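Okay, handing you the structure first.
Worth saying up front: this structure is predicted, and the values here are computed from it rather than measured.
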Number of protein chains: 2
Amino acid sequence: MTYEESLAALADPTRRQIYEHVTRSAGSVADISKGFPISRPAVSQHLKVLSDAGLVAAKQQGNRRIYRATPDGLAELRQYLDRLWGDVLGEFAKSFEKEL
Amino acid sequence: MTYEESLAALADPTRRQIYEHVTRSAGSVADISKGFPISRPAVSQHLKVLSDAGLVAAKQQGNRRIYRATPDGLAELRQYLDRLWGDVLGEFAKSFEKEL
DNA sequence: GCTTACGGTAAGTAATGACTTACGAAGAAT
DNA sequence: ATTCTTCGTAAGTCATTACTTACCGTAAGC
């Protein structure tokens, strides 16, 4: 569960769409698959990547697994970007000083 | 210059390293290439992707191009993640209510 | 019991993309 | 003027990965 994994997980367009869907409403794999033009195993594989990144988590409910979004992976990613943001603003300010 | 581009740009490990390097200190393509085990054209291609995403920008200086990090692309990405963060926290809270 | 629904995993394929070398254009230096 | 540096781009190669179909285990329904 690192920010690298979250970054790689959200980079793929369809996987990002799946994540956004889960973000808005949790559901079983079959439910989630309904809205996408790819096969159910493909969705399952995407959910595994999202799960490894800490972006979603599954709760077993009888025969089905309910996937829902978790804050963990996203929090890590936001923290990393905040660090970058600080560096960028710092260097950006320094570049102005040099130009004067 | 969309958040999708920034996401895809930062997903690749070596490209992310290049970006972080530029973040800390601006420099020419040759300068940046010094620290990496890949060819100069490869670095150039990575810089193009970063540039298209609005993460870096080049300033022509005679024969050389000085690349530096720009806030634009990173700002878009952070904004997108903030939107996601809100959705995730909202759904996360609702899931607690349901369990009680 | 048997069958049906759910979902993870294996294996194979096709597309994407990260790299290489080769080349060409444009400015600096001698 | 020509030589050298800088850097972008084209073309080709190799690895990664997103997808497919096929299969298996497990729980629910009849």
Side-chain angles (χ1 to χ4, degrees), chain A residues 1-22 25-70 73 77, chain B residues 1-22 25-70 73 77:
Chain A
M1 212 209 59
T2 63
Y3 68 88
E4 287 99 333
E5 283 177 308
S6 294
L7 218 36
L10 294 178
D12 181 70
T14 68
R15 186 160 51 226
R16 185 171 55 245
Q17 283 179 16
I18 291 175
Y19 173 65
E20 292 190 16
H21 183 268
V22 173
S25 72
S28 70
V29 177
D31 287 344
I32 299 169
S33 297
K34 292 275 183 188
F36 296 92
I38 61 177
S39 69
R40 186 205 37 88
V43 173
S44 207
Q45 287 160 12
H46 282 307
L47 286 170
K48 171 162 179 47
V49 175
L50 292 170
S51 175
D52 288 344
L55 290 167
V56 304
K59 190 172 71 174
Q60 195 87 23
Q61 239 177 37
N63 207 9
R64 341 194 321 179
R65 312 191 61 179
I66 308 300
Y67 279 92
R68 66 183 69 252
T70 56
L77 182 51
Chain B
M1 211 208 61
T2 63
Y3 67 87
E4 288 99 332
E5 284 176 307
S6 294
L7 217 37
L10 294 179
D12 181 70
T14 70
R15 187 160 51 224
R16 185 171 55 244
Q17 283 179 15
I18 291 175
Y19 173 66
E20 292 190 15
H21 183 267
V22 173
S25 72
S28 70
V29 178
D31 287 345
I32 300 169
S33 297
K34 292 275 182 187
F36 296 92
I38 61 177
S39 70
R40 192 215 19 101
V43 173
S44 207
Q45 288 160 11
H46 282 307
L47 286 170
K48 170 162 180 47
V49 176
L50 292 171
S51 175
D52 288 346
L55 290 168
V56 304
K59 189 173 70 174
Q60 195 88 22
Q61 240 178 36
N63 207 9
R64 341 193 322 181
R65 312 191 61 178
I66 307 301
Y67 280 91
R68 66 183 68 252
T70 56
L77 182 51

Separation of atom CG in A:L47 from atom P in D:dA18, rounded to whole Å: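 Checked: the CG to P distance equals 13 Å.
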
For B:R64 and for A:H46, find the nucleotide of DNA chain D with the closest heavy atom, then tell me which residue's nucleotide is more 5'.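 Going by which nucleotide is closer to the 5' end, it is B:R64.
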
Most 5' of B:N63 and B:S44 on DNA chain D, judged by nearest nucleotide: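 Per heavy-atom nearest nucleotide, the more 5' residue is B:N63.
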
For D:dT20, does OP1 or OP2 lie under 4.0 Å from any side-chain N or O of A:S39?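 Answer yes for this pair, as a side-chain N or O of A:S39 is under 4.0 Å from OP1 or OP2.
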
Name the nucleic acid region contacted by B:A42, choosing base, sugar-phosphate or nothing; use a 4.0 angstrom heavy-atom cut-off, strictly under.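 Touches a base.
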
Run through B:V29, B:D52, B:L55 and flag the one making a side chain to side chain contact (heavy atoms under 4.5 Å, CB included) with B:L47.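 So, applying the side chain to side chain contact (heavy atoms under 4.5 Å, CB included) to B:L47 and each of B:V29, B:D52, B:L55, only B:V29 qualifies.
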
Residue of the set B:L77, B:L7, B:L10 for which side chain to side chain contact (heavy atoms under 4.5 Å, CB included) holds with A:L10: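 Output: one option passes, namely B:L7.
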
If I compare all heavy atoms of B:S6 with all of B:G73, which pair ends up nearest, and what's the gap?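 Smallest heavy-atom distance, with atoms named: OG-O, 3.3 Å.
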
Interatomic distance where NZ belongs to A:K48 and P belongs to C:dA10 [whole Å]: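 Answer to the nearest Å: 10 Å.
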
Nearest-angstrom distance from the residue atom NZ of B:K59 to P of D:dT6: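 That distance rounds to 18 Å.
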
Choose from D:dC7, C:dC19, C:dG27 the nucleotide whose nearest atom is closest to any side-chain atom of B:T14.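 Output: C:dC19.
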
Using whole Å, report how far CG of B:L10 lies from P of C:dA18.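 Rounded to whole Å, this separation is 12 Å.
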
Determine the contact category for A:R40: base if any of its heavy atoms lies under 4.0 Å from a base atom, sugar-phosphate if only primed atoms, P, OP1 or OP2 are that close, otherwise nothing.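 Here A:R40 touches the bases of the nucleic acid.
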
Given 3.5 Å as the limit, does a donor-acceptor pair link the side chain of A:R15 with the main chain of A:A9, or not?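 Checked: pair present.
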
Would you say a side-chain N or O of B:Y67 is under 4.0 Å from OP1 or OP2 of D:dG8?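 Yes, B:Y67 has a side-chain N/O under 4.0 Å of OP1/OP2 on D:dG8.
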
Could you give the CD-to-P distance, from A:Q61 to D:dA28, as a whole number of Å?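 The answer, rounded to whole Å, is 11 Å.
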
Separation of D:dA18 C1' from A:F36 CZ (nearest whole Å):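 Atom-to-atom, A:F36 to D:dA18, this comes out as 15 Å.
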
Rounded distance (Å) that lies between atom P of C:dA25 and atom CZ of B:R65: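 Those two atoms, CZ and P, are 17 Å apart.
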
Calculate, to the nearest 0.5 Å, the distance between atoms CD and CD1 belonging to A:Q45 and A:I18 respectively.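 Separation between the atoms: 10.0 Å.
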
Euclidean distance, atom CD of residue B:Q60 to atom P of C:dA26 [Å, nearest integer]: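 Answer to the nearest Å: 11 Å.
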
Considering only heavy atoms and no angle criterion, is a donor-acceptor pair shorter than 3.5 Å present between the side chain of B:Q45 and the base of C:dT20?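 Answer yes: a donor N or O sits under 3.5 Å from an acceptor.
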
